[in-house]
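Down below is the structure, laid out as structure tokens.
Each chain gets a letter, A, B and so on, in the order its sequence line appears, and its residues count up from 1. All values reported here derive from a predicted model rather than from experimental measurement.
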There are 2 protein chains.
Amino acid sequence: MPAPVTIDPAPEKIVPNGQSTLHEDVVNKLRELIFDGQLADETRIPEKQLCARFGISRTPLREALKVLAREGLISLLPHRGARVVKLKPSDIDEVFPVMGALEAVAGEAACRNISEEGIAEIRALHYQMALHHTRGERADYFRLNQRIHEKIMEAAGNPTLSQIYKSLSLRIRRARYMANIPQQRWDQAMAEHELILQTLAARDGAKLGQLLKTHLLNKSEVVKATISDSPP
Amino acid sequence: MPAPVTIDPAPEKIVPNGQSTLHEDVVNKLRELIFDGQLADETRIPEKQLCARFGISRTPLREALKVLAREGLISLLPHRGARVVKLKPSDIDEVFPVMGALEAVAGEAACRNISEEGIAEIRALHYQMALHHTRGERADYFRLNQRIHEKIMEAAGNPTLSQIYKSLSLRIRRARYMANIPQQRWDQAMAEHELILQTLAARDGAKLGQLLKTHLLNKSEVVKATISDSPP
DNA sequence: GGCGGCCATTATGAATTCAAAAATGTCAAA
DNA sequence: TTTGACATTTTTGAATTCATAATGGCCGCC
């Protein structure tokens, strides 16, 4: 095989910084590559090549692969290498109800625990997001949207819950960013968020839980539509 | 302490069977050791010693440790080794609401998806469990109880949900088995299960979800009591 | 000309080796 | 006697080496 076309002298070397371990850095780096689509679905991940790219040996890379496999981002077939798992519509159907339930729990807990300052912060984020919605700035809207949901999750004060939610979130992140949401649904989502904010401010846990659940379920439909063009 | 009574010439060597990989076997083995309490809380896990015990090299063991760390069973401090994480009462407070929410989702889905045969199976398990309850056979009761919840989870037909639930389940399994439930609470749990069965048979998803949620929450109190004697 | 088995190559699984950080033990001084 | 600095030992982190299963090409056969 001839030399590769793109020659990068120090592509994205992972420098061993004293505090974190090498394999942890590799995990994060690989996640980024997967999200960026640089490691495409179903393509085999050649260990040697990645090692060269990162400038490390195979040992920490393989440790990282094990971790990512456990997270569900890649699949690890014995003697047959690792490959990025393809996100199927059915996965969306599976993940979103779970995330909805988790957000519902978070919402209930948040209503109990959140400070007035916390509510104020979320309110600020909300109206910032509303502005982006009005202006049709999708990327910014998505970013704020994400942060609001994270804030609610954080306010719940349940690290275990947060961790699991985050892990699931990562799993479908690729699809989520793809989501080319139609205007009508976008308006609806914005209205839902309006209600979510009010309910949180009123500290109506049960209602907020229900709202978040259905909000997620609605989102599920959109996301599924965006990836259903590439069938399993 | 004198030498252990049972001397095992080849203690628990892990033999490389063709299909599964070594590190996966090690993960399972280590989980067992942790659950059995052979690896006590907070004690450092010496790699070399375990390698000798398993008859393997350090590489697959370390890979397994990474995975278990991601599962939350052990903590991995750089250059300071791995140690089994101690189950604190606060962990119970965190985990059970999440499991409750997951079971609620499962209950709703199960009501939609479960076959009549599936209901019949759970009914059989239920009355078997009731018998153990009547006889005061705690271990058997716990076993059946576990299986019923697993059946409901399975009937939901959501692998992602099952996986997360299982992972959480493992995390608190130690505490769960410890649970020396008082008779009064046991009777109450049995009554709750009676209702759970009826609601499932009636396919009332919303109600079943609610029941499972509160059922888990009640259980949480008992479990927490059992580990609160050993404070954080 | 196409298909199937055989051998060389390659990639993965695991063991070993090397390096570096942390734990331990020793000895001296306050 | 206690404390603190230093040297030694131990343990972990990472690289390298070895073994083995899978991949791919080649040749013979149908």
Side-chain angles (χ1 to χ4, degrees), chain A residues 1-4 10-30 33-34 39-40 42-71 73-85, chain B residues 10-30 33-34 39-40 42-71 73-85:
Chain A
M1 184 189 299
E12 43 218 326
K13 299 266 192 195
I14 294 182
V15 298
N17 58 351
Q19 29 237 16
S20 70
T21 63
L22 196 46
H23 98 269
E24 192 62 36
D25 295 338
V26 175
V27 168
N28 294 327
K29 199 79 191 172
L30 279 176
L33 291 188
I34 293 173
L39 295 177
E42 295 293 315
T43 60
R44 190 166 173 176
I45 303 175
E47 293 184 2
K48 218 168 185 178
Q49 190 175 311
L50 275 181
C51 287
R53 185 170 180 176
F54 291 157
I56 59 173
S57 77
R58 277 178 57 219
T59 304
L61 176 76
R62 294 176 102 277
E63 290 174 348
L65 290 179
K66 300 283 183 300
V67 170
L68 289 174
R70 177 70 39 166
E71 285 183 13
L73 274 172
I74 65 175
S75 73
L76 227 45
L77 307 191
H79 293 286
R80 225 156 295 159
R83 47 195 68 218
V84 178
V85 299
Chain B
E12 41 219 328
K13 299 267 190 190
I14 294 182
V15 299
N17 59 350
Q19 30 237 14
S20 69
T21 62
L22 196 45
H23 97 269
E24 193 61 36
D25 296 337
V26 175
V27 168
N28 294 327
K29 200 78 190 172
L30 279 176
L33 291 189
I34 292 173
L39 295 177
E42 295 293 316
T43 59
R44 189 166 173 177
I45 303 176
E47 294 184 2
K48 216 168 185 177
Q49 189 176 311
L50 274 182
C51 287
R53 186 169 180 176
F54 291 157
I56 60 174
S57 77
R58 278 178 56 219
T59 305
L61 176 75
R62 293 175 105 286
E63 291 173 348
L65 289 178
K66 300 282 182 300
V67 171
L68 289 174
R70 178 68 41 164
E71 285 183 12
L73 274 172
I74 65 175
S75 73
L76 227 45
L77 308 192
H79 293 289
R80 226 155 296 159
R83 46 195 69 217
V84 179
V85 300

Could you tell me the separation between the CG atom of B/Asp25 and the P atom of C/dG13, rounded to a whole number of Å? 13 Å
So A/Glu71 and A/Val67, side-chain contact (heavy atoms from CB on, under 4.5 Å) or not? Walk me through it. CA-CA 6 Å; A/Glu71 285 183 13; A/Val67 170; 4.0 Å; yes
How close or far is atom C1' of D/dT20 from atom CZ of A/Arg80, stated in whole angstroms? 14 Å
How long is the line joining CG of A/Leu76 and P of C/dA14, in whole Å? 11 Å
Spacing of B/Leu22 atom CG relative to D/dA19 atom C1', expressed in whole Å: 14 Å
Output the distance between atom CG (A/Leu73) and atom CG (A/Leu30), rounded to the nearest 0.5 Å. 9.5 Å
Determine: side-chain N/O of B/Arg44 to OP1/OP2 of D/dT11, distance under 4.0 Å, yes or no. no
Gap between atoms NE2 and C1', on B/His79 and C/dA23 respectively (whole Å): 13 Å
Spacing of A/Ser57 atom OG and A/Leu22 atom CG [to the nearest 0.5 Å]: 7.5 Å
Tell me the interatomic distance from A/Lys48, atom NZ, to C/dT10, atom C1', rounded to whole angstroms. 8 Å
Using whole Å, report how far CD of A/Glu24 lies from C1' of D/dA14. 16 Å
Counting only heavy atoms and a strict 4.0 angstrom limit, can you tell me which residues of residues 57-65 of chain A come near DNA chain C? A/Arg58, A/Arg62
For a side-chain contact (heavy atoms from CB on, under 4.5 Å) check, start with the C-alpha distance between B/Leu50 and B/Val26, then their side-chain angles and the critical distance, and finish with the verdict. CA-CA 10 Å; B/Leu50 274 182; B/Val26 175; over 6 Å; no
State plainly whether the residues A/Arg70 and B/Glu24 are in salt-bridge range, i.e. N to O under 4.0 Å. yes
Option passing salt bridge (Lys or Arg N to Asp or Glu O under 4.0 Å) with A/Glu47 (candidates A/Arg58, A/Arg83, A/Arg53): A/Arg58
Rounded distance in Å - CD (B/Glu47) to P (C/dT17): 17 Å
